[in-house]
Amino acid sequence: QKEVEQNSGPLSVPEGAIASLNCTYSDRGSQSFFWYRQYSGKSPELIMSIYSNGDKEDGRFTAQLNKASQYVSLLIRDSQPSDSATYLCAVRAGKSTFGDGTTLTVKP
Amino acid sequence: DVKVTQSSRYLVKRTGEKVFLECVQDMDHENMFWYRQDPGLGLRLIYFSYDVKMKEKGDIPEGYSVSREKKERFSLILESASTNQTSMYLCASSFSGGAYGYTFGSGTRLTVV
């Protein structure tokens, strides 16, 4: 079992819809959770971090954390074509462990 | 604008050459990391460093070494380049402590022929 698993993609949603990206992790001692966005041919960029159970909102992005169930999710509301990218989930306990990513395509 | 700078965007080297990839950050970060990214394999950690002159092996250190003589600079060395080391190499840095995310450099696309 991988330490960090993301829902297999690719994920395709129409413009204006909600995109839901999910991630589960195996290390119960993990304390910090991150989402990175990676455009094709570019390097990953940190877009969200979350440390406590519940929701954290930043503009159109909401990160959700449930430590008891060991999952993290990222919701993108009012999805735009510019949101089309690969999204990486990372869990940090010392150094970060990354999931393999979910590729999102938002269709106009 | 804070950033992580990798010395080359594209690099072509011959099999058997010694290759140096340089990474410099201007954010006073304690931690620095080297990853390689290959299609279908995700990000794989090669080496990391929590402080000057300190280094730790990651998941795939074979064929690589690192050097960190100054806080802001972390170098990745391919001792004898091989074709299976053709990849995208990403440097990242962060503050120490688990609460911080990483800032990545723009990457070096290395091709070994």
Side-chain angles (χ1 to χ4, degrees), chain A residues 1-10 21 23-53 56 58 61 63 65 67 72 74 85-104, chain B residues 1-6 8-10 21 23 25 27 29-51 54-61 66 74 87-110:
Chain A
Q1 181 190 5
K2 289 186 176 181
E3 293 181 54
V4 178
E5 295 206 46
Q6 297 186 236
N7 49 335
S8 59
L21 305 163
C23 173
T24 59
Y25 60 95
S26 60
D27 183 356
R28 284 193 172 274
S30 301
Q31 296 295 318
S32 305
F33 307 86
F34 306 92
W35 284 98
Y36 294 80
R37 177 177 61 202
Q38 186 174 23
Y39 291 117
S40 180
K42 302 293 186 181
S43 59
E45 172 193 16
L46 179 66
I47 56 171
M48 290 287 285
S49 57
I50 187 166
Y51 313 105
S52 304
N53 282 329
K56 180 181 178 182
D58 183 1
F61 297 88
L65 174 61
K67 289 186 179 180
V72 193
L74 180 70
T86 296
Y87 290 81
L88 302 171
C89 171
V91 175
R92 187 163 188 182
K95 63 184 189 300
S96 282
T97 300
F98 289 82
D100 289 341
T102 299
T103 298
L104 170 67
Chain B
D1 190 20
V2 294
K3 57 185 177 183
V4 178
T5 302
Q6 294 186 231
S8 304
R9 185 75 179 97
Y10 298 95
L21 302 183
C23 177
Q25 51 93 6
M27 294 167 284
H29 284 168
E30 295 85 8
N31 300 344
M32 296 189 76
F33 308 85
W34 275 106
Y35 288 87
R36 64 177 285 179
Q37 188 174 36
D38 302 286
L41 296 177
L43 281 167
R44 292 184 290 169
L45 182 62
I46 304 171
Y47 267 97
F48 59 104
S49 170
Y50 286 145
D51 202 349
M54 292 183 66
K55 59 184 179 184
E56 299 277 350
K57 292 181 179 179
D59 301 318
I60 53 163
V66 291
F74 192 36
S87 185
M88 171 66 83
Y89 289 88
L90 290 164
C91 175
S93 70
S94 77
F95 287 115
S96 61
Y100 299 96
Y102 294 177
T103 300
F104 282 86
S106 56
T108 295
R109 172 72 66 184
L110 173 67

Using heavy-atom distances under 4.5 Å, tell me whether [X] contacts chain A through its side chain, its backbone, both, or neither.
| X | result |
| --- | --- |
| B/Gln37 | side chain |
| B/Leu41 | backbone |
| B/Asn31 | side chain |

Which portion of A/Phe33 sits near chain B, non-hydrogen atoms under 4.5 angstrom:
neither

Please state whether the side chain, the backbone, both or neither of A/Gln38 comes within less than 4.5 Å of a heavy atom of chain B.
side chain

Chain A interface, residue from B/Gly58, B/Gly42, B/Ala92, B/Gly97 that has the most non-hydrogen pairs under 4.5 Å:
B/Gly97

Pick from A/Gly99, A/Ser30, A/Ser96, A/Ser49: which one has the most heavy-atom pairs with chain B under 4.5 Å?
A/Ser96

Considering all heavy atoms, the nearest [X]-[Y] contact:
| X | Y | result |
| --- | --- | --- |
| B/Ala99 | A/Ser32 | CA-OG, 3.5 Å |
| A/Gly41 | B/Arg9 | O-NH2, 2.9 Å |
| A/Pro44 | B/Leu90 | CD-CD1, 3.9 Å |

With no hydrogens and no angle check, is any side-chain donor or acceptor of A/Arg92 less than 3.5 Å from a backbone partner on B/Tyr100?
yes

Report the distance from atom OH of B/Tyr35 to atom OG of A/Ser43, rounding to the nearest 0.5 Å.
13.0 Å

Side-chain heavy-atom pair A/Lys95, B/Tyr102 within 4.5 angstrom cut-off:
yes

